[in-house]
Amino acid sequence: MPRTLVSVGSEIPLLDLRSFGRRGPDGRLHLSPAFLEQIVRTASRVPEVMVKVSGGANSTRGAIAHLKYIDRQGKLEIETDEGQRLEGKGIEAALVADWDLEALRANARGPYRRTAGRRPVKLVHNVILSMPKGTSPEKLLSASRDFTREQFALKHRYALVLHTDHEHPHVHLVIKAVSEQGERLNIRKATLREWRGQFAQHLRARGVAANATERAVRGQSRSGFKDGIHRAWLRGDSRHLRDRAERLARKLGTEDLGPTPGKARLLETRREVIAGWHAAADALLQAGQGRLAEKIWGFIGAMSPPRTTDEQLAAKLEERPRTRERARQEERKR
């Protein structure tokens, strides 16, 4: 899908919605039915799909270990690109052998591949396909099957496993990094944007409300915490975040965080996003879609202020005493 920039009155992009909207020769924003549908989904805060790279393996041992993790040591069923459904101990090593990962690893370690400072190449990519709590696991798995078949069938070997042991159902996908035609799969941000859009389409085809937009478009700030660090923070045993929080607490005790280059970028992005949403609302008014324009204005008004990672961490620090007090009050009531 080509990248589409919604802009009004100039060539400066105001809002990147990856939409089907098109500017006409008169400079007005002409909205396609698909673009209108996306506006409605976004302004209505339809659940967002998640397609995330969770890592990968550059050794056969690492690939086997990850497969054992996602199939819970052989207790969960692995579905393969060939339609097989595998279960039981030892299937992980057999799958790695079937994918010829050892040969791929040997080729990657050849003399002509060795370059100082280069990381070992990946043999497999690990990806997570997820939706929020309440989504049908069966429909999620069905959409994941069709999405992976459409993307990788007869090209990249792959396997997937459904997990329902958390609040939100999700599918772990393992993809062989090199296709049967010898082409390496490089997953970039643009790749993930495209995958999210296509995965959402497959979910909607099954009656699941699903959307795929950028965080900035929704008025959300991205956390700068890596997944492992964030999970450790939630457990309360992240030394990295604990040290950072202590430094931040000392700074907050003596001075305001003040403006930073990161904050300036966030504010500029928000300005462009707001301008883009207003441009879409104006176009809707001209098209007689006043109610939808009002919905957009309400959506804009409900956006929380953009916050840097330090500001997000500071808010958590300020909230912690109140959280503890609420917990104590709940304990007294019991």
Side-chain angles (χ1 to χ4, degrees), residues 3-6 13-19 21 35 37-54 127-135 166-168 170 188-200 203-204 208-231 233-234 241 244-245 248 257 259-281 292 295-319 323:
R3 180 184 177 98
T4 301
L5 297 177
V6 180
L14 300 177
L15 181 62
D16 183 357
L17 290 178
R18 290 182 56 78
S19 68
F35 183 51
E37 290 174 7
Q38 187 187 28
I39 286 178
V40 171
R41 287 195 302 269
T42 306
S44 301
R45 301 191 183 279
V46 166
E48 294 282 332
V49 301
M50 185 189 78
V51 179
K52 180 178 70 173
V53 176
S54 60
V127 175
I128 297 176
L129 310 174
S130 177
M131 279 290 285
K133 178 182 178 181
T135 304
H166 293 280
E167 285 190 345
H168 61 285
H170 55 280
R188 299 182 172 87
K189 289 183 179 180
T191 310
L192 291 175
R193 283 196 295 266
E194 180 180 350
W195 286 359
R196 289 187 70 232
Q198 293 177 358
F199 184 45
L203 285 163
R204 291 196 296 270
V208 178
N211 197 26
T213 56
E214 300 297 312
R215 285 176 182 265
V217 169
R218 306 194 302 272
Q220 296 180 354
S221 301
R222 182 180 298 276
S223 169
F225 308 137
K226 293 183 178 180
D227 287 341
I229 293 175
H230 186 248
R231 288 194 296 269
W233 161 266
L234 295 177
L241 279 185
R244 184 170 180 173
L248 186 58
L257 290 178
T260 64
K263 183 68 173 183
R265 286 193 297 270
L266 283 176
L267 292 173
E268 177 62 19
T269 298
R270 176 60 61 87
R271 186 195 68 77
E272 292 179 351
V273 165
I274 296 297
W277 275 118
H278 278 300
L292 185 50
K295 196 176 188 70
I296 289 177
W297 292 327
F299 176 77
I300 294 171
M303 287 184 179
S304 58
R307 297 190 298 184
T308 64
T309 300
D310 273 352
E311 288 174 328
Q312 294 177 54
L313 184 54
K316 290 179 182 291
L317 291 174
E318 293 175 357
E319 177 64 21
T323 302

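Since we're looking at a predicted model, the values are computed, not measured.
The salt bridge (Lys or Arg N to Asp or Glu O under 4.0 Å) test applied to Arg41 returns no partner, not counting sequence neighbours. Applying the salt bridge (Lys or Arg N to Asp or Glu O under 4.0 Å) criterion to Glu37, with sequence neighbours excluded, gives no partner residue. In this view, Arg218 and Glu48, Thr213, Gln220 satisfy the side chain to side chain donor-acceptor pair (under 3.5 Å) rule, not counting sequence neighbours. Applying the side chain to side chain contact (heavy atoms under 4.5 Å, CB included) criterion to Leu192, with sequence neighbours excluded, gives Val51, Val53, Ile187, Trp195. Qualifying salt bridge (Lys or Arg N to Asp or Glu O under 4.0 Å) partners for Arg270, counting only residues two or more places apart in sequence or in other chains: none.
Judged purely by atom type and a 3.5 angstrom limit, Thr135 has no side-chain atom pairing as donor or acceptor with the backbone of Met131. Using a distance-only test at 3.5 Å, with no hydrogens or angles considered, no donor-acceptor pair links the side chain of Trp277 to the main chain of Phe299. In this structure, the side chain of Lys263 engages the main chain of Pro306 through a donor-acceptor pair within 3.5 Å.
Going from atom CD1 of Ile274 over to atom OG1 of Thr269 covers 11.5 Å, rounded to the nearest 0.5 Å. Atom CG in Leu266 sits 11.0 Å away from atom CZ in Arg307 (nearest 0.5 Å). Rounding to the nearest 0.5 Å gives a distance of 5.5 Å between CE of Met50 and NE2 of His168. Taking NE2 from His278 and CD1 from Ile296, the interatomic distance works out to 9.5 Å, rounded to the nearest 0.5 Å.
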Derivation of the side-chain contact (heavy atoms from CB on, under 4.5 Å) call for Val273 and Met303 | CA-CA 11 Å; Val273 165; Met303 287 184 179; 4.2 Å; yes
Check step by step if side-chain contact (heavy atoms from CB on, under 4.5 Å) holds for Val49 and Asn211.
-> CA-CA 6 Å; Val49 301; Asn211 197 26; over 6 Å; no
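Looking at heavy atoms from C-beta onward, Lys52 lies out of side-chain contact with Ser130 at the 4.5 angstrom threshold.
Here the shortest heavy-atom pairing between Ala200 and Ala210 reads O-CB, 4.0 Å. Counting all heavy atoms, side chain and backbone alike, Gln38 lies closest to Ala212 at NE2-O, 3.8 Å.
The existence of a salt bridge linking Arg271 and Glu268 is confirmed by a sub-4.0 Å separation between a basic side-chain nitrogen and an acidic carboxylate oxygen.
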